[in-house]
Amino acid sequence: MDRMPETVNNLRDIYGYGYANIFNDVTDTVSKLHISRSQMEVLQYLFIHTHATPSDLTEALNTTKSSTTHTLKKLSNKNLISFKMNELTNDRRSKLVVLNPNAKKLLVEFLSNIKNSIYEDIKDITADELAELHQATEIILKYTDGGRMNETYPEI
């Protein structure tokens, strides 16, 4: 029997409905600071990559220069990012964007809330089910873009 359609529907439910439920449960911290989706994408990128130029962010997040500039200005005004001289180039005009401690704290709290929410959902499964679930998550990570984005991703 072909299980692909059923599997795709299950993953749709997990990624779509499940993600929405978890995200809604844990966004209090983010909503207090009025952080938009584009701002959150910048923070997540910087959390994983530690720094970037505005051009790097524009390319990685598939946006425009003006949109990136606007987003960075908002994040800077919220004291979540700062700019420092780019020591990787000889161009003194080139700047690197880095997270401030406030942003790191915010993201750690956000990701911890996600982990706690997931844990609450699965805490009562059996050892056999947990083994199967672990194997399934490894497979999903293997075939999903953005699964394991970077081996230096901070463990939360």
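For reference, positions follow the sequence shown, starting with 1. Basis for what follows: all heavy atoms, side chains included, without hydrogens, waters or symmetry-related copies.
Two different hydrophobic clusters hold V98 and F47 under the rule that ILVMFWY side chains link at heavy-atom gaps under 4.5 Å. Note: the hydrophobic cluster containing I14 also contains I140 (ILVMFWY, side chain heavy atoms under 4.5 Å, direct or indirect links). Hydrophobic clustering of Ile, Leu, Val, Met, Phe, Trp and Tyr side chains at less than 4.5 Å, counting indirect connections, unites L99 with V108.
A donor-acceptor pair under 3.5 Å links the side-chain atoms of T68 to the main chain of T64, judged by distance alone. Side chain of D121 to backbone of I118: no donor-acceptor contact under 3.5 angstrom is found. For the pair S117 (side chain) and N113 (backbone), a donor-acceptor distance under 3.5 Å is absent. In terms of modelled atom types and a separation under 3.5 Å, the side chain of N100 and the main chain of N102 share no donor-acceptor contact. Remark: side-chain polar atoms of K78 are paired, donor with acceptor, to backbone N or O of H34 under 3.5 angstrom. Here the side chain of H49 pairs a donor or acceptor atom with the backbone of Y45 at under 3.5 angstrom.
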Would you tabulate the side-chain donor-acceptor contacts of residues 129-136 under 3.5 Å, counting partners in other chains and residues two or more places apart, or write 'none'?
residue, atom, partner, partner atom, Å
E129, OE1, T126, N, 2.9
E129, OE1, T126, OG1, 3.4

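Distance check: L75 CG to K73 NZ gives 12.5 Å after rounding to the nearest 0.5 Å. Note: E6 CD to L11 CG = 11.0 Å, rounded to the nearest 0.5 Å. Distance check, rounded to the nearest 0.5 Å: OG1 of T7 to CZ of R12 gives 12.0 Å. Rounded to the nearest 0.5 angstrom, K95 NZ and T53 OG1 are separated by 12.5 Å. To the nearest 0.5 Å, the span separating CG on D56 from CG on L96 amounts to 8.0 Å. Atoms CG and OG, from N62 and S67 in turn, are 10.5 Å apart once rounded to the nearest 0.5 Å.
Nearest heavy atom pair, residue Q39 against residue K74, reads NE2-CB, 3.3 Å. I81 and L72 get closest at one heavy-atom pair: CD1-O, 3.3 Å.
In the displayed structure, E59 atom CD is contacted under 6.0 Å by at most 12 heavy atoms of other residues, nucleotides or ligands.
With hydrogens and angles left out, the side-chain atoms of S38 and S36 include a donor and acceptor closer than 3.5 Å.
In this structure the side chain of P5 reaches within 4.5 angstrom of the side chain of D2, judged on heavy atoms. Between P54 and V97 the shortest side-chain heavy-atom distance falls below 4.5 Å.
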**Message:** Go through it in stages, so that I can follow the logic: the residues are I35 and L80, the test is side-chain contact (heavy atoms from CB on, under 4.5 Å), and I'd like the CA-CA distance, side-chain angles, deciding distance and then a yes or no.
**Reply:** CA-CA 10 Å; I35 295 175; L80 296 173; 3.9 Å; yes
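Under the 4.0 Å criterion applied to side-chain N and carboxylate O atoms, R37 and E41 are assigned as salt-bridge partners.
Legend: residues meeting side chain to side chain donor-acceptor pair (under 3.5 Å) with N86, ordered by chain and number and at least two apart, are S94.
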